[in-house]
Structures are given as C-alpha cells and as structure tokens.
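Could you have a look at this structure, given as structure tokens, before my questions?
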Number of protein chains: 2
Amino acid sequence: MLYTIGEMAKTLGLPTSTLRFYDKKGLLPFMERSSGGMRMFSDKDIECLRIVECLKQSGLSLDDIRHFIRMTTEGDSTIDERLAMFLKRKSEVEAQIEAMQKTLETIKYKCWFYETAKAAGTTSVPASMGVEQIPQEFRKAKERLTCK
Amino acid sequence: MLYTIGEMAKTLGLPTSTLRFYDKKGLLPFMERSSGGMRMFSDKDIECLRIVECLKQSGLSLDDIRHFIRMTTEGDSTIDERLAMFLKRKSEVEAQIEAMQKTLETIKYKCWFYETAKAAGTTSVPASMGVEQIPQEFRKAKERLTCK
DNA sequence: ATATAAGTTAAACTCGAGTTTAAGTCAAGA
DNA sequence: TCTTGACTTAAACTCGAGTTTAACTTATAT
C-alpha cells in the first residue's frame with residue numbers, strides 16, 4: 001500500500017510540512033517518488049516514522065536520529081552500534097521517568113497545599129504548618145523544595 | 001542568608017546567564033538588589049527557582065510560569081486559579097509518564113531485537129520471526145510499531 | 001478541457017529558551 | 001590605591017525544530 005504525503009500526515013497526525021522537513025533532514029531513506037515527482041510513502045515509512053517519534057520522545061535530536069536511520073540503511077555491520085544506542089536510550093528514558101515521578105510528587109504536594117489554602121481562605125495556613133501537621137506523603141516533596 | 005548570583009548559580013547548577021534571563025522574564029519577584037545594584041538571592045528565591053524547574057519539567061513555558069509567579073505575588077485572591085493550575089499539571093504529568101512508559105516498552109523491544117540480531121549476525125533473524133517466536137513482553141510494542 | 005485540490009521547491013520566517021558580547025561597575029585583598 | 005574577579009546592562013547571536021511563503025507542477029473530478 002502506498003500513500004501520498006497528505007494521507008500519511010493524516011495517519012500519523014503530523015502536518016505535511018513536518019514530513020517534508022523530515023525528508024529533507026534524511027529521516028526517510030525508504031520513501032520513493034512517483035513518476036511525477038510526488039512522495040510515495042509505504043508501510044515501511046510508517047514504521048520508520050514511529051521509530052523517529054520514539055527516539056525523539058527519548059530525548060534524541062533529529063541529527064542523532066538521522067545517524068541512526070543512516071545506520072539502518074548500512075546493514076548488519078552497524079548492529080552493535082544500534083544495540084548500544086538503544087541500550088543508552090533505555091537507561092536515559094528510565095532516568096527521565098524517575099525525574100518525572102519526582103516532579104509529580106512535588107506537584108501533588110502543591111495540590112494539597114492549595115487545597116488546604118482554599119479551605120482556609122489563605123495560603124498562610126498550609127505555609128505555616130509544622131512538619132507533623134503535613135501529611136506523611138508530602139513531607140519528602142516539601143523537603144526537596146525548601147532549603148536544606 | 002543572602003547569595004550572589006554566582007553562588008546561586010552554583011547551588012542550583014545553572015549558568016548565571018540563565019538566572020539573569022529568568023530575572024528579566026519576571027520569574028524572580030522576590031529577588032532584591034544590594035546598594036550597589038547587585039542581585040541578592042535569598043532562600044525564598046531558591047524555593048522559587050525549584051518551583052520554576054518543576055513547572056518547566058511539567059511542560060509549562062516560561063511565559064506560563066511567569067503568570068503563575070505573578071499570581072503568587074497577588075496573594076490569596078488567586079488561590080483557586082493556582083490550585084486549578086497544579087491540578088492540570090498533575091494530570092498532564094501523569095499522561096507524560098504514561099507516554100514515556102510506552103516509549104520505554106518500544107525501546108526495550110528494540111533492545112531485544114538488536115540483541116537477537118547481534119547473536120545471529122543479521123537483523124533478518126529477528127525481523128522475520130513470527131509472533132509466536134517473539135517473547136510475550138515485546139509483542140504489544142512490536143504491534144504498535146508495525147502497521148495495523 | 002478545465003477548474004480545483006493536492007503536491008513540489010528553495011528560501012525566508014518564527015518561536016522558545018537561552019548564550020554571548022561589549023562596555024562598563026562593584027567589591028575584596030595586597 | 002590598585003588590581004583582580006565577580007558583577008551590571010542592552011543588544012546581538014545561536015540553536016533546534018519546525019512553519020510559512022511564493023512560484024510552480026501534478027492529479028482528479030466533472
């Protein structure tokens with residue numbers, strides 16, 4: 001099955017301008033052209049773009065992604081480097097998830113803070129609470145925020 | 001305790017240029033100046049910058065963060081809006097963590113893929129495997145990548 | 001056949017988030 | 001006092017990741 005750039009944009013939820021931009025950046029090595037010069041995308045390109053999306057999410061720049069894509073076109077001699085890259089992505093994403101979880105804890109503490117403030121009509125109520133009055137679950141987050 | 005911009009930069013692990021930039025953007029409403037015009041940071045500013053960092057991590061732009069910071073200077077009349085903002089941050093960060101977990105699953109599948117390819121000496125071994133030969137844990141990730 | 005929709009390019013533009021530069025001021029120790 | 005290092009500003013610059021524009025071509029439906 002072949003798709004035009006418009007169909008492709010729709011299935012991936014991206015603007016056509018982004019697909020052209022990715023093409024120019026060398027992120028679509030398998031994409032072909034029709035006799036009239038129009039881009040023709042295949043299922044292979046869909047998978048390719050999903051990997052691009054995944055790598056982008058993982059924190060890689062488009063230049064780094066192009067390097068990976070180029071490796072896939074160079075065949076089995078790059079297996080080791082590709083494996084190494086994914087192992088590194090794995091540990092970085094794990095670290096990012098951990099960081100996001102700390103961020104979430106801080107946000108939850110602030111939700112409690114403002115819920116308490118709302119009930120009292122003033123932020124000075126939660127702000128002046130001693131550690132013992134703050135629910136267990138929020139103490140760590142508060143400590144991380146305030147000065148040690 | 002008061003700190004110069006250099007000390008502050010060190011404790012927060014940010015360049016001084018970033019602190020000046022944040023100041024110019026209105027992200028440091030409590031920061032004072034010495035008689036000679038030098039920025040003097042207090043513990044309050046440290047906490048403020050940690051919140052900035054948290055909100056940035058959560059996906060807010062600096063302009064949105066400034067809006068929040070301005071609310072904190074406006075007192076109790078903005079409690080409701082501040083609570084609403086943190087509740088929204090909470091659900092967005094939860095969504096981001098979920099997305100990152102899917103990304104991680106995809107990456108783990110690719111790690112398995114390239115480990116298998118490495119053992120075989122060629123990517124065509126994992127690439128040509130039927131669903132039954134792919135370990136359970138990776139099947140979903142593979143499905144999400146390949147075309148439905 | 002022809003209008004319209006969808007596609008093409010190169011080049012310029014945008015936007016957020018800083019960083020760098022240049023010219024000058026402040027603070028601390030010898 | 002003088003030097004040195006840290007600080008000040010405004011303005012220009014950078015960088016990544018697209019988006020927009022203008023002029024043009026291809027494909028489709030009537």
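Chain A is the first sequence line, chain B the second, and so forth, proteins listed ahead of strands; every chain is numbered from 1.
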* To do: Find which nucleotide of DNA chain C each of B/Lys25 and B/Ser35 is nearest to by heavy atoms, and output the residue with the more 5' nucleotide.
  =>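 So the residue in question is B/Lys25.
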* Find the distance B/Leu19:CG to C/dT19:C1' and express it as a whole number of Å. =>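 These atoms are roughly 13 Å apart.
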* To do: Would you mind classifying the nucleic acid contact of A/Ser34 as base, sugar-phosphate or nothing, using non-hydrogen atoms under 4.0 angstrom?
  =>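 Counting heavy atoms under 4.0 Å across all strands, the contact made by A/Ser34 is with sugar-phosphate only.
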* Asked: For D/dC7, does OP1 or OP2 lie under 4.0 Å from any side-chain N or O of B/Thr4?
  ->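 Yes, such a contact exists.
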* Could you work out which one of D/dA17, C/dA17, D/dC7 sits closest to the side chain of A/Leu62? =>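 Shortest atom-to-atom distance from the side chain points to D/dA17.
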* Let me know the distance between CG of B/Asp63 and C1' of C/dG16, rounded to the nearest Å. =>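 Distance check: B/Asp63 CG to C/dG16 C1' gives 9 Å.
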* Asked: Is A/Ser17 touching bases, backbone alone, or none of the nucleic acid, heavy atoms closer than 4.0 Å?
  ->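 Since a base atom lies under 4.0 Å of A/Ser17, the category is base.
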* Asked: Is any side-chain nitrogen or oxygen of A/Tyr22 closer than 4.0 Å to OP1 or OP2 of D/dG18?
  ->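 Result: yes.
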* Asked: More than 12 foreign heavy atoms under 6.0 Å from CD of B/Gln101: is that the case here?
  ->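 Yes, enclosed.
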* For the side chain of A/Ser61 and the backbone of A/Asp64, is there at least one donor-acceptor N/O pair under 3.5 Å apart? ->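 Checked: pair present.
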* Value in whole Å for how far the C1' atom of C/dT9 lies from CZ of A/Arg39 ->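 To the nearest whole Å, that distance equals 9 Å.
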* **Euclidean distance, atom CD1 of residue B/Ile5 to atom P of C/dA27 [Å, nearest integer]** =>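 For the pair B/Ile5 CD1 and C/dA27 P, the rounded distance is 15 Å.
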* Asked: Below 4.0 angstrom from OP1 or OP2 of C/dA17, is there any side-chain N or O of B/Thr18?
  ->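 No.
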* Asked: Taking OP1 and OP2 of D/dT26, is either one under 4.0 Å from a side-chain nitrogen or oxygen of A/Arg33?
  ->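 A/Arg33 to D/dT26 OP1/OP2: no side-chain N or O under 4.0 Å.
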* **B/Arg89/B/Glu92 under salt bridge (Lys or Arg N to Asp or Glu O under 4.0 Å): CA gap, chis, key distance, verdict** => CA-CA 5 Å; B/Arg89 283 305 92 207; B/Glu92 295 230 335; 3.3 Å; yes
* Asked: Between D/dG18 and A/Lys56, is there an OP1 or OP2 to side-chain N/O distance shorter than 4.0 Å?
  ->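 For D/dG18, OP1 or OP2 has a side-chain N or O of A/Lys56 closer than 4.0 Å.
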* Length of the line joining B/Ile65:CD1 and C/dG18:P, which is rounded to integer Å ->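 It works out to 9 Å between those atoms.
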* Asked: For B/Gln133, does the CD atom sit with more than 12 other heavy atoms under 6.0 Å from it, leaving out its own atoms?
  ->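 Counting other residues, nucleotides and ligands, CD of B/Gln133 exceeds 12 neighbours.
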* Provide, to the nearest angstrom, the distance between the CG atom belonging to A/Asp64 and the C1' atom belonging to D/dA17. =>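 Checked: the CG to C1' distance equals 14 Å.
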* Rounded distance (Å) that lies between atom C1' of D/dC7 and atom CG of B/Leu2 ->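 Value for this atom pair: 16 Å.
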* Spacing between B/Asp23 atom CG and D/dT8 atom P, to the nearest angstrom ->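 Result: 9 Å.
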